[in-house]
2 protein chains.
Amino acid sequence: MSRMLTERTSKYESVVTIVDIARICNVSTASVSRVMTGLPGVKAEKREQILSTAENIGYRPNRAARRLVTNKSFMFGFIASDLRNTAYLEYFHTLEREVRREGYEFLIADSEQSVERENANIEKMLDNRVDGLMLFPVSDWLGDGNTSHLRRLDLKPIPVVIFGYLKGYGFDCILADEVAAATHLIDHLFDLGHRRYLYVGLGDLLNRPARERWNGVKQALTKKGLPASALQMTSSGSEGWSQEILTRLTSKMPPTAIICVNDLVAFQLYRPLRDAGISVPQDVSLCGFGTSRIEHTNIGDLLMPSLTTMDFDNEAVAKRGAIMLLDRLTDPSRLPRMSRVPGHLLVRESTGRAR
Amino acid sequence: MSRMLTERTSKYESVVTIVDIARICNVSTASVSRVMTGLPGVKAEKREQILSTAENIGYRPNRAARRLVTNKSFMFGFIASDLRNTAYLEYFHTLEREVRREGYEFLIADSEQSVERENANIEKMLDNRVDGLMLFPVSDWLGDGNTSHLRRLDLKPIPVVIFGYLKGYGFDCILADEVAAATHLIDHLFDLGHRRYLYVGLGDLLNRPARERWNGVKQALTKKGLPASALQMTSSGSEGWSQEILTRLTSKMPPTAIICVNDLVAFQLYRPLRDAGISVPQDVSLCGFGTSRIEHTNIGDLLMPSLTTMDFDNEAVAKRGAIMLLDRLTDPSRLPRMSRVPGHLLVRESTGRAR
DNA sequence: TTGAAAGCGATACCAA
DNA sequence: TTGGTATCGCTTTCAA
């Protein structure tokens with residue numbers, strides 16, 4: 001602290017407070033505060049003077065002090081289940097834009113797929129008295145139903161929007177409609193004449209979106225009276241499972257359409273299929289879920305053939321989520337909602353008529 | 001505020017403070033504070049009692065109050081020049097890991113390529129009294145030298161690390177060595193027998209990394225006594241410029257190697273080249289800069305042929321940046337440094353011997 | 001329309 | 001090893 005004071009006498013500007021302004025303008029700190037917070041009850045002339053001296057001496061309100069007395073932080077918390085996933089960027093970007101005009105700042109934390117870390121992050125956010133929380137729950141990825149630590153959060157009078165699926169709590173939820181997406185995809189393939197399908201999952205037996213996609217595929221096929229075959233893999237290299245797929249493709253009754261749990265998995269099939277002399281979509285149709293983008297460029301568009309996929313509009317999800325949070329902020333007593341955003345089919349080159 | 005109080009009597013837990021603990025344990029708030037901050041000078045027995053009652057009644061220190069009195073925020077600021085760029089994720093992820101154990105939280109903001117917004121973000125961070133700031137300057141992208149607003153930041157006694165290039169200020173800088181990277185790339189191609197090169201930039205005449213890459217290419221070629229030809233484009237669609245490239249490739253003395261300003265630009269050439277019947281690397285070698293990753297998967301690896309590129313280790317950059325910040329935190333008087341991290345060449349299928 | 005003063009919830013100094 | 005208390009910068013009654 002004392003070093004701080006000596007530093008202030010060095011090259012650094014000193015920090016000014018409302019007391020300085022009050023002294024200069026010969027008014028009370030109360031009046032300065034009224035002006036700074038935009039409250040009425042200060043004569044226009046004084047207001048002007050206060051505003052201009054504040055500007056002149058470079059006054060900036062101390063957020064910590066303001067937070068302490070108002071018990072509001074003017075901050076939102078954003079907790080991602082795994083920030084390495086680029087989809088969060090799109091979410092965050094949109095969310096930030098949506099609430100920026102309301103003057104909120106963002107505290108961000110990464111749970112890295114760990115329930116313990118998620119809990120610690122929530123505690124941090126509460127310690128900071130965030131005015132609202134956007135939470136991408138780890139439970140969506142681990143699928144072990146381990147959500148009891150969220151009970152404590154539910155007891156707090158703070159608006160929370162869950163970006164994912166969670167029931168039994170008083171939170172608003174927003175998520176993509178995976179089942180409907182799977183249904184659309186099957187419809188598309190069915191219309192092209194496909195009757196034998198192969199679903200390829202990858203190390204995602206517990207992952208909620210992947211599970212819902214698979215369920216959606218099964219339901220849709222069952223409704224059409226068709227059998228569904230799934231390949232669930234856990235390895236991360238493409239070696240083993242792509243080999244297995246090739247084997248099935250060269251069997252007596254091979255699948256004519258392959259549905260991958262996500263675009264990335266589909267991408268990894270391009271090379272093994274080409275090396276085996278199997279053409280897409282002439283020999284087999286290929287499609288995925290969710291669009292992999294890098295700076296506005298769809299990777300699935302670049303590949304040859306370009307990949308048919310069920311795209312989810314992350315921006316739309318984020319916008320709806322932001323609205324949910326803002327709504328709850330103004331009316332904390334409203335009933336919690338769960339909202340599912342439909343995806344849309346991007347038909348590209350990788351799907352064609354069944355041979 | 002009154003609503004808050006009524007709410008506290010409803011389903012929500014009430015908020016506890018050190019006063020509550022002090023009363024229950026029959027000690028002063030000073031002692032409680034000492035225990036909570038881990039300071040010595042409290043008898044073991046009392047310490048135990050305080051700790052357990054704190055645990056029991058669910059006490060959590062109020063960050064705002066602590067910040068106000070200590071004049072430290074225990075927060076770092078992270079200002080990205082454009083968060084839509086996925087590279088920031090890798091940076092943030094690593095930075096967060098590196099400083100997490102020190103107990104810092106993260107305030108995040110997006111400048112969206114706007115100097116005005118960058119300045120507003122800096123003000124926000126200062127208002128929050130962040131203990132350190134990681135700034136990706138917009139000037140690196142706009143290249144208009146508009147950095148005067150950073151002077152005010154330079155006058156503050158707060159550690160800042162610039163992730164990018166900036167001179168004339170007292171900040172530490174960390175960035176990738178683009179010129180050396182370009183040199184390596186040329187060396188690689190030269191060794192393969194290439195003598196006629198085409199550099200393809202895209203809407204990045206002002207973008208600092210792109211400029212440095214082009215400069216590096218020019219320098220390297222000049223040193224070898226070779227001419228350099230560049231194509232600078234501003235359109236975002238690949239239509240016009242890819243046509244121009246095809247024209248050059250079918251001219252009398254066509255380039256045998258194409259160097260793209262980044263991987264994404266290279267990706268967009270795959271289709272037009274294939275459609276024109278030009279094979280890579282048989283007819284022309286192709287390479288880029290920077291690796292485009294989606295969740296650990298290198299896109300350049302998936303494409304056929306896979307793309308040769310100069311990769312930059314964002315994790316290494318982030319780690320060095322974190323160390324710089326931590327170093328300056330402990331010794332504010334050290335001289336500012338500028339550190340360049342070398343890239344490394346990923347030789348893949350898209351480059352081969354000159355024909 | 002104004003100002004005096006009482007907090008907000010911690011920390012840290014000083015005396016005991 | 002303790003406790004009393006001033007303090008951080010601001011908001012917000014309450015009286016004037």
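Just so it is clear: chains get the letters A, B, ... in the order the sequence lines come, proteins before strands, and each one is counted from 1.
One can place CZ of A/R129 at 11 Å from C1' of C/dC8, the figure rounded to the nearest angstrom. Atom P of nucleotide C/dG9 and atom CD1 of B/I18 are separated by 10 Å, given to the nearest angstrom. Rounded to an integer number of Å, the gap from CG of B/D127 to P of D/dC8 is 19 Å. What separates CG of B/N71 from P of D/dC10 is a distance of 11 Å, to the nearest Å. Atom-to-atom, CG of B/L68 to C1' of D/dC8 comes out at 4 Å; the value is rounded to the nearest Å. Taking atom CG of A/N62 as the reference point, atom C1' of C/dG9 lies 14 Å away to the nearest angstrom. The distance from atom NZ of B/K72 to atom C1' of D/dG9 is 19 Å, rounded to the nearest whole Å.
Remark: A/R84 pairs with A/D82, B/H93, B/H296 by the side-chain contact (heavy atoms from CB on, under 4.5 Å) rule, at least two apart or across chains. Annotation: side-chain hydrogen bond (donor to acceptor under 3.5 Å, both in side chains) contacts of B/R337 (sequence neighbours excluded): none. Contacts of B/S333 classified as side-chain hydrogen bond (donor to acceptor under 3.5 Å, both in side chains), with partners at least two apart in sequence or in another chain: B/D331. Residues satisfying the ring pair (Phe, Tyr, Trp, His ring centres under 6.0 Å) test with A/Y59, not counting sequence neighbours, are none. Under the side-chain contact (heavy atoms from CB on, under 4.5 Å) criterion, A/T17 pairs with A/V19, A/D20, sequence neighbours left out. Shown here are the side-chain contact (heavy atoms from CB on, under 4.5 Å) partners of B/L89, two or more places apart in sequence or in another chain: A/L83, A/T86, A/L89.
Less than 4.0 Å separates DNA chain C from at least one heavy atom of each of the following residues of residues 20-33 of chain B: B/A30, B/S33. Near-neighbour residues of DNA chain C inside residues 38-53 of chain A, defined by a heavy atom below 4.0 Å, number-ordered: A/G41, A/V42, A/K43, A/K46.
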Please tabulate, for the side chains in residues 316-329 of chain A, all donor-acceptor contacts under 3.5 angstrom to protein atoms that are two or more places apart in sequence or on a different chain.
residue	atom	partner	partner atom	Å
A/R320	NH2	A/S339	OG	2.5
A/R328	NE	A/D172	OD2	2.5
A/R328	NH1	A/P332	O	3.1
A/R328	NH1	A/R334	O	3.2
A/R328	NH2	A/D172	OD1	3.4
A/R328	NH2	A/D172	OD2	3.4
A/R328	NH2	A/R334	O	2.9
A/R328	NH2	A/L335	O	3.4

Show which side-chain atoms of residues 72-79 of chain A pair as donor or acceptor with protein atoms under 3.5 Å away, not counting sequence neighbours.
residue	atom	partner	partner atom	Å
A/S73	OG	A/M75	N	3.2
A/S73	OG	A/R129	O	2.8
A/S73	OG	A/D131	N	3.4

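For the helix from C/dT1-D/dA16 to C/dA16-D/dT1, the rotation axes defined at the first and last 5 base pairs enclose an angle of 40°, given to the nearest 10°.
For residues 25-36 of chain B, no residue pair satisfies the salt bridge (Lys or Arg N to Asp or Glu O under 4.0 Å) rule, not counting sequence neighbours.
Closest-nucleotide positions on DNA chain D for A/V19 and B/R34 were compared, and the one nearer the 5' end corresponds to B/R34.
Listed nucleotides D/dG3, C/dA10, D/dC10 differ in distance to A/V69; the shortest reach to its side chain belongs to D/dC10.
With respect to B/E48 and B/K43, no salt bridge is recorded, no charged nitrogen being found less than 4.0 Å from a carboxylate O. Residues B/E105 and A/K124 are not paired through a salt bridge, judged by the lack of any N-O separation under 4.0 Å between the basic side chain and the carboxylate.
Contacts of B/R60 with the nucleic acid, taken as non-hydrogen atoms under 4.0 Å apart, involve only primed sugar atoms and P, OP1 or OP2.
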